[in-house]
Amino acid sequence: DVTVVVFPFVKAARKSPEQYGQEICEYLQQNAPIVSAFNVIKGFLNLSIATDYWVSQLNNINKEETFGTKNADKNAPLTMIEYSSPNTNKPLHLGHIRNNLLGYSLSEIEKAVGNNVVKTNIVNDRGIHICKSMLAWQKWGNGETPQSSGMKGDHLVGKYYVVFDKEYKAEISQLISQGQTEEDAKRNAPLILEAQEMLRQWEAGNETVVSLWQEMNSWVYAGFDQTYKALGVNFDCIYYESETYLLGKNKVEEGLAKGVFYKREDGSVWADLTPDGLDEKLLLRSDGTSVYMTQDIGTAALRFEKYPIDKMVYVVGNEQNYHFQVLSILLDKLGFKWGKDLVHFSYGMVELPEGKMKSREGTVVDADDLIKEMIDTAREVSQELGKLDGCTTEEAENIVRMVGLGALKYFILKVDPRKNMTFNPKESIDFNGNTGPFIQYTHARIKSVLRKGAEQGIALPESADKSAVLNEKETALIQLVAEFPVIVKQAADECSPAVIANYTYELVKEYNQFYHDFSILKEENTTVRDMRLLLSINVAKVIKTAMGLLGIEVPERM
RNA sequence: GGUCCGGUAGCUCAGCUGGAUAGAGCAACGCCCUUCUAAGGCGUGGGUCUUGAGUUCGAAUCUCAACCGGAUCACCA
């Protein structure tokens with residue numbers, strides 16, 4: 001009799017031959033009544049476990065200049081990633097931070113798997129919301145500027161957006177007390193009428209309005225640049241809605257001519273998506289002006305004209321799932337072959353313990369405030385622990401900045417991007433446990449060992465000797481390090497920086513145990529010592545590379 | 001109401017392409033610095049993986065249903 005045993009090999013990659021062999025043997029003992037087969041397999045596995053297997057793995061790893069990161073050649077596929085897309089009427093907040101970090105990390109990961117990447121941004125620099133800030137500034141600003149007030153430009157403009165909202169609400173409640181319904185009051189309040197008039201003036205090219213608009217936007221851009229710089233994100237090309245919002249109209253007109261869309265009696269243009277299981281969608285208002293969707297069609301067309309894009313990724317919150325579903329179908333209907341292929345990287349919202357952030361209710365976590373708080377906390381912790389006592393102020397500040405930002409970025413990137421996440425401002429972000437600083441600390445520790453080694457005249461090894469005997473921690477570490485390129489690939493496939501974050505944590509945890517249990521420089525057997533040094537060097541390299549993919553810097557000491 | 005997403009320890013999250021005793025961190029308690037950085041390591045307690053059926057040798061993982069929570073369905077962006 002012959003019994004065929006099918007054994008799951010799926011997880012085999014993460015286990016050593018010893019572990020895996022033992023598993024197979026145990027399984028067979030329990031499940032397969034074939035003693036001879038059991039013995040054959042056992043014998044085979046014993047043969048396959050060469051003593052120098054893991055050492056040679058380590059040497060292979062060491063030969064790779066970088067881990068899973070290649071320099072893309074010109075012919076490699078081009079991925080365009082859009083992220084950030086802020087409105088220019090208020091400063092960036094925690095939601096934007098998540099968007100920015102995900103977008104940036106995603107582009108780094110795309111590069112790491114060999115693609116060319118163009119990072120882009122669409123700035124919503126026009127519309128009624130900007131007019132609200134402008135109007136409030138005109139009425140109550142007394143000519144205040146970033147220079148005169150010392151305020152960051154985006155915060156200044158945001159302040160007047162809030163002022164508008166306050167005054168607008170006051171008008172509404174007054175109108176309601178005069179007997180109007182809430183709906184009517186919202187529509188008839190003098191302030192909103194004035195803002196709408198201002199938007200019409202802007203579209204008509206009124207010089208005063210346009211120059212005010214330009215001035216206030218320039219304040220905002222200066223502010224945004226500062227925040228982007230602090231966060232360490234950047235863009236290869238930036239699109240402005242004011243320059244692209246009319247372009248979609250042509251495409252819609254073409255679609256209308258082709259009979260893809262239809263016009264209603266009042267002159268508005270619609271797409272009928274009921275065959276796709278969706279509703280009807282407005283594309284041009286009855287007065288001929290364009291809406292959000294029209295603009296996105298135009299911007300997409302513009303981008304594809306300029307770049308040979310193979311993959312277009314929109315990093316936009318999951319509240320816009322419907323929008324991108326529709327956009328994809330519309331582009332397809334218009335005959336753009338890439339319409340169906342666009343990727344909406346739909347990330348979850350950042351929520352506070354009491355619920356969603358609402359800018360109107362002032363329950364937003366401001367990006368600049370948060371960044372500053374994180375760095376301040378890092379400074380306090382460092383001082384308490386006396387970690388940076390030997391450093392110059394400049395060095396210390398740089399390290400403190402890296403650690404504070406590392407804590408913030410890792411906190412956000414370690415969770416699955418698709419899921420909503422909770423941020424509790426009262427319980428500030430931790431510096432212990434599964435955190436950015438924990439990982440940075442391990443890197444600094446390794447660097448410290450290497451420095452000490454150099455001081456003692458121990459040369460850094462080029463390769464490990466095959467006679468080195470490995471302990472369990474060491475083989476586990478080599479396995480983890482060797483796995484890194486697979487992880488990067490997986491992160492790219494799943495569009496998930498969190499995969500890299502969680503892997504790095506696992507690696508670092510393992511290294512800390514090793515570090516605690518075994519000494520490196522004090523090891524008397526130089527073969528073992530060199531192997532450990534080589535292992536440490538490679539762990540540090542992986543940490544640095546992996547954190548780099550998350551946009552997190554790692555210090556040499558901390 | 002239609003569509004989509006989620007529900008794992010007190011809290012924040014991994015694990016989900018089916019596989020062994022469901023893992024971390026935080027919080028609580030206890031231990032370890034004359035030894036390469038204690039932002040570290042070790043240990044203890046803490047679970048009906050929302051519920052119920054189904055498929056399977058085997059389900060946190062796949063299917064269906066229910067319950068709970070969120071998003072979305074604008075002549076806003």
Tell me which nucleotide, if any, is Watson-Crick or G-U wobble paired with [N] when both distances must be under 3.5 Å.
N: B:A71; result: B:U3
N: B:A59; result: none
N: B:C49; result: none
N: B:A14; result: none
N: B:C33; result: none
N: B:A9; result: none

Touch class at under 4.0 angstrom, heavy-atom based, for [X] against every strand present:
X: A:D287; result: nothing
X: A:V415; result: sugar-phosphate
X: A:F518; result: base
X: A:Q320; result: base
X: A:D416; result: sugar-phosphate
X: A:R418; result: nothing
X: A:K387; result: base
X: A:F431; result: base
X: A:S519; result: base
X: A:M421; result: sugar-phosphate
X: A:K452; result: sugar-phosphate
X: A:T289; result: nothing
X: A:A444; result: base

Next item on the list: Heavy atoms only: give me the nearest A:Q440-A:G406 pair and the separation to one decimal.
Entry: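 A:Q440 and A:G406 have their closest heavy atoms at NE2-CA, 3.9 Å.
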
Given [options], which nucleotide is nearest the side-chain atoms of [X]?
X: A:R445; options: B:A77, B:G41, B:A38; result: B:A38
X: A:E351; options: B:A39, B:G70, B:G7; result: B:G70
X: A:Q513; options: B:G25, B:C42, B:A14; result: B:C42
X: A:N432; options: B:C13, B:G40, B:C76; result: B:G40
X: A:F438; options: B:A38, B:A14, B:G41; result: B:G41
X: A:S448; options: B:A14, B:G70, B:U37; result: B:U37
X: A:Y441; options: B:C76, B:A14, B:U37; result: B:U37
X: A:E319; options: B:U72, B:C16, B:C36; result: B:U72
X: A:V449; options: B:U37, B:C73, B:A77; result: B:U37
X: A:R451; options: B:G40, B:U37, B:A14; result: B:U37

Margin query: I'd like to know if A:S85 reaches the base of B:A77 with its side chain such that a donor and an acceptor end up less than 3.5 angstrom apart.
Written below: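 No such pair is found, so the answer is no.
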
Item checked: Donor-acceptor pair (no angle test) under 3.5 Å: A:S286 side chain, B:C75 base ->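 Checked by distance alone, the answer is yes.
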
Interatomic distance at [atom1], [N] relative to [M], whole Å:
N: B:U63; M: B:U17; atom1: P; value: 11 Å
N: B:U12; M: B:U55; atom1: C1'; value: 34 Å
N: B:U56; M: B:G43; atom1: C1'; value: 39 Å
N: B:G25; M: B:G45; atom1: P; value: 15 Å
N: B:C62; M: B:A20; atom1: P; value: 15 Å
N: B:A53; M: B:A59; atom1: P; value: 13 Å
N: B:U3; M: B:U44; atom1: P; value: 49 Å
N: B:U21; M: B:U34; atom1: P; value: 42 Å

Between [atom2] on [N] and [atom1] on [X], what's the gap in Å once rounded to a whole number?
X: A:E556; N: B:C36; atom1: CD; atom2: P; value: 20 Å
X: A:H516; N: B:A38; atom1: NE2; atom2: P; value: 9 Å
X: A:K419; N: B:C13; atom1: NZ; atom2: P; value: 9 Å
X: A:N434; N: B:C11; atom1: CG; atom2: P; value: 18 Å
X: A:N318; N: B:C5; atom1: CG; atom2: C1'; value: 7 Å
X: A:Y505; N: B:C26; atom1: OH; atom2: C1'; value: 10 Å
X: A:D430; N: B:C13; atom1: CG; atom2: C1'; value: 13 Å
X: A:L533; N: B:C36; atom1: CG; atom2: C1'; value: 10 Å

Check: What's the base orientation of B:C33: syn (chi within 90° of 0) or anti?
Finding: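 Judged by the O4'-C1' to base torsion, B:C33 sits in syn, the angle falling within 90° of 0.
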
Note to self: Test ring-ring contact (aromatic ring centres under 6.0 Å, His included) on A:Y410 and A:Y505; report intermediate values, then the result.
What the structure shows: CA-CA 10 Å; A:Y410 186 85; A:Y505 175 63; 7.3 Å; no

Note to self: Using heavy-atom distances to pick each residue's nearest nucleotide on RNA chain B, tell me which of A:T435 and A:S290 is more 5'.
What the structure shows: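 Upstream on the strand: A:T435.
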
Notebook entry, point to check: If you pin A:N321 and A:K473 to their nearest nucleotides in RNA chain B, which one's is more 5'?
Noted result: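 The 5'-side residue here is A:N321.
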
Check: Can a cation-pi geometry be assigned to A:R264 and A:W270, taking NZ or CZ under 6.0 Å from the six-membered ring centre and within 45° of the ring axis?
Finding: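 Cation-pi check for A:R264 and A:W270: passes.
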
Item checked: Geometric cation-pi criterion A:R126 and A:Y245, 6.0 Å radius, 45° cone ->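 Yes, a cation-pi geometry.
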
Check: Any idea how A:Y314 and A:F324 line up, ring-wise: parallel (<30°), tilted (30 to 60°), or perpendicular (>60°)?
Finding: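 Taking A:F324 first and then A:Y314, their aromatic rings sit tilted (interplane angle of 30° to 60°).
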
Next item on the list: Using the six-membered ring wherever Trp is involved, compare the ring planes of A:W213 and A:W202 and label them parallel, tilted or perpendicular (cut-offs 30° and 60°).
Entry: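 Because their plane-to-plane angle is over 60°, the rings of A:W213 and A:W202 count as perpendicular.
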
Margin query: Any heavy-atom pair between the side chains of A:F164 and A:L135 that's under 4.5 Å?
Written below: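 Yes. Closest side-chain heavy atoms under 4.5 Å.
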
Notebook entry, point to check: Is the distance between the ring centroids of A:Y441 and A:F438 less than 6.0 Å?
Noted result: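 Distance test on ring centres: not under 6.0 Å, no.
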
Margin query: To the closest 0.5 Å, what do you measure between CD1 (A:I375) and CD1 (A:I399)?
Written below: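 One finds 13.5 Å between CD1 of A:I375 and CD1 of A:I399.
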
Checklist line | A:D296 and A:H323: CA distance, side-chain angles, deciding distance, side-chain hydrogen bond (donor to acceptor under 3.5 Å, both in side chains) verdict | finding: CA-CA 10 Å; A:D296 258 355; A:H323 175 80; 2.8 Å; yes

